[in-house]
K.L.:
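Supplied in structure tokens, the structure appears directly below.
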Amino acid sequence: MLFKSATAASVLGLCALSSSASLPHKRSTESGISLYVYGTDSSGGGPNGSPIFYADGLAYVGSTTPSWATVATNITFSLDPDSTTTAWTISPNSTNVSFNSTKSMYIVPTTGGFTQVGFSSSNGTLPTGAVTSGLTFFGTNVAYAANASNYELLFWAAATNTSGLYALYWNAAASNGNMVNGSFPVTVKTTPPVVLTA
Ligand SMILES: *[C@@H]1O[C@H](CO)[C@@H](O)[C@H](O)[C@H]1NC(C)=O
Ligand SMILES: *[C@@H]1O[C@H](CO)[C@@H](O)[C@H](O)[C@H]1NC(C)=O
Ligand SMILES: *[C@@H]1O[C@H](CO)[C@@H](O)[C@H](O)[C@H]1NC(C)=O
Ligand SMILES: *[C@@H]1O[C@H](CO)[C@@H](O)[C@H](O)[C@H]1NC(C)=O
Ligand SMILES: *[C@@H]1O[C@H](CO)[C@@H](O)[C@H](O)[C@H]1NC(C)=O
Ligand SMILES: *[C@@H]1O[C@H](CO)[C@@H](O)[C@H](O)[C@H]1NC(C)=O
Ligand SMILES: *[C@@H]1O[C@H](CO)[C@@H](O)[C@H](O)[C@H]1NC(C)=O
Ligand SMILES: *[C@@H]1O[C@H](CO)[C@@H](O)[C@H](O)[C@H]1NC(C)=O
């Protein structure tokens, strides 16, 4: 189970003196988690529940693998669903690819920005304003906890020069002029798409 409610956390606090055997275990980092992106543009195109993947340091989603990328790989995430301060690190979901350093997902929440989500191995290589902490869940959606009282759900997607390939963005209240034309809001979830059988 991924999600813990605030209620469960406070119950845990109240029960701190009772037998440890009866306490719910505090969850920590979970690995092997896939994140799926849902949403469509005005003509019905979209990532359709495909997983976020890595291509040359940036986050993409869709049915096509970019032929122009030097390194493109499906990824899984390691994250702590109870923490808003722990970075979400990624691992290649393929034995053919290895990252030479631990990479964390970042967003750029600077107000007015419309910036592609990416992955970085150190603070030194992050784009200006990027953060790797604050990623969390709001229900089943991946959110950004700007602070304890403000969870934001501002993932957007935009078509790329490759059919079926979308870049994943964070839309920090960008004006139209700063947004990629044809971009559209999406949600990011741990829930895989339902496979319909005939
Ligand atoms: C990762 O690989 C496993 C096993 O092949 C597969 O079940 C899962 O869907 C993959 N996840 C992603 C995000 O590619
Ligand atoms: C991710 O996995 C899917 C399904 O196995 C595959 O079709 C796709 O090419 C993979 N993407 C990348 C970037 O390796
Ligand atoms: C890994 O490499 C092998 C050999 O080149 C190839 O057959 C296979 O499709 C690759 N797997 C992925 C997930 O790219
Ligand atoms: C490690 O990754 C960086 C950035 O992708 C790249 O410039 C560098 O050549 C890589 N080093 C090795 C040993 O693969
Ligand atoms: C990046 O910065 C954050 C917050 O300032 C810090 O917690 C984290 O340890 C830093 N990470 C690295 C790799 O320096
Ligand atoms: C939380 O963040 C929002 C957006 O950044 C800000 O408007 C609000 O003042 C913050 N609230 C607190 C209590 O810091
Ligand atoms: C498509 O976009 C990628 C990423 O921005 C770029 O590296 C590549 O050169 C572009 N390809 C074409 C044909 O424009
Ligand atoms: C979006 O399209 C409009 C009209 O074609 C153009 O004026 C604007 O510069 C475009 N914006 C971007 C970010 O490409």
Side-chain angles (χ1 to χ4, degrees), residues 1-3 29-41 43 45-81 86-108 113-121 125-130 132 135-137 139-143 155-171 174 177-184 186-198:
M1 286 292 295
L2 259 177
F3 309 106
T29 300
E30 301 183 20
S31 58
I33 293 168
S34 301
L35 296 180
Y36 304 92
V37 181
Y38 295 86
T40 51
D41 65 18
S43 52
N48 223 0
S50 52
I52 295 177
F53 68 88
Y54 170 101
D56 292 349
L58 293 170
Y60 291 89
V61 64
S63 56
T64 315
T65 301
S67 57
W68 40 261
T70 307
V71 177
T73 179
N74 282 311
I75 51 175
T76 61
F77 290 78
S78 294
L79 57 89
D80 180 349
T86 313
W88 290 19
T89 61
I90 57 166
S91 303
N93 201 23
S94 162
T95 51
N96 291 2
V97 177
S98 64
F99 296 139
N100 62 17
S101 55
T102 303
K103 294 183 190 300
S104 302
M105 183 161 81
Y106 67 78
I107 62 167
V108 180
F114 191 86
T115 311
Q116 191 169 353
V117 178
F119 308 96
S120 179
S121 52
T125 55
L126 288 172
T128 302
T132 56
L135 293 166
T136 187
F137 289 95
T140 60
N141 289 292
V142 175
F155 287 103
W156 281 54
T160 66
N161 58 16
T162 305
S163 174
L165 178 68
Y166 298 86
L168 185 66
Y169 286 82
W170 186 259
N171 180 355
N178 285 341
M179 288 161 58
V180 176
N181 278 344
S183 57
F184 52 98
V186 294
T187 56
V188 178
K189 295 172 176 289
T190 53
T191 322
V194 174
V195 178
L196 298 174
T197 49

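All ligand and atom numbering here is 1-based and tracks the order in the structure. Below, all heavy atoms of this structure are taken into account, side chains as well, without hydrogens, waters or symmetry copies.
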K.L.:
Is the distance between the ring centroids of Tyr60 and Tyr54 under 6.0 Å?
P.N.:
no
K.L.:
What is the nearest protein non-hydrogen atom to atom 1 (C) of ligand 1, stated with its residue, atom name and distance?
P.N.:
Asn93 ND2, 1.4 Å
K.L.:
What orientation do Trp156 and Phe114 show, parallel under 30°, tilted 30 to 60°, or perpendicular over 60°?
P.N.:
perpendicular
K.L.:
Evaluate Thr73 for polar contact with ligand 2, using N/O atom pairs at a separation under 3.5 Å.
P.N.:
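No, Thr73 has no N/O under 3.5 Å of an N/O on ligand 2.
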K.L.:
Do any heavy atoms of Ile75 fall under 4.0 Å from ligand 1?
P.N.:
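Ile75: in contact with ligand 1 (<4.0 Å).
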K.L.:
Pro51 heavy atoms, cut-off 4.0 Å: which ligand 1 atoms fall inside?
P.N.:
13 (C)
K.L.:
Would you mind listing which atoms of ligand 1 come within a distance below 4.0 Å of any non-hydrogen atom of Ser34?
P.N.:
11 (N), 12 (C), 13 (C)
K.L.:
May I ask you to check whether Trp170 and Phe155 place their ring centres under 6.0 Å from each other?
P.N.:
yes
K.L.:
Is atom 4 (C) of ligand 1 in close reach of the protein, with a heavy atom under 4.0 Å away?
P.N.:
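For atom 4 (C) of ligand 1 the answer is no, since every protein heavy atom stays at 4.0 Å or beyond.
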K.L.:
Could you identify the single nearest non-hydrogen protein atom to atom 7 (O) of ligand 7 and state the distance to 0.1 Å?
P.N.:
Trp68 CE3, 3.9 Å
K.L.:
May I ask you to decide if Ala167's main-chain N or O and Thr160's side chain share a donor-acceptor pair within less than 3.5 Å?
P.N.:
no
K.L.:
Under 4.0 Å from any heavy atom of Asn74, which atoms of ligand 2 are there?
P.N.:
1 (C), 2 (O), 3 (C), 8 (C), 10 (C), 11 (N), 12 (C), 13 (C), 14 (O)
K.L.:
Tell me whether Asp41 at atom CG has more than 12 heavy atoms from other residues, nucleotides or ligands lying less than 6.0 Å away.
P.N.:
yes
K.L.:
For Ser120 and Thr125, which I'm curious about, is there any donor-acceptor pair between the side chains at under 3.5 Å?
P.N.:
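The criterion, which ignores hydrogens and geometry beyond distance, is satisfied for Thr125 and Ser120.
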K.L.:
So, for Ile75 and Phe53, which heavy atoms are closest and what is the spacing to 0.1 Å?
P.N.:
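Smallest heavy-atom distance, with atoms named: CG1-CA, 4.0 Å.
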K.L.:
Ignoring hydrogens, tell whether any protein atom lies closer than 4.0 Å to atom 14 (O) of ligand 1; use the non-hydrogen atoms only.
P.N.:
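Within 4.0 Å: yes, protein heavy atom nearby.
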K.L.:
Looking only at N/O atoms, are Asn161 and ligand 7 under 3.5 Å apart anywhere?
P.N.:
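Min N/O separation from ligand 7 is below 3.5 Å for Asn161.
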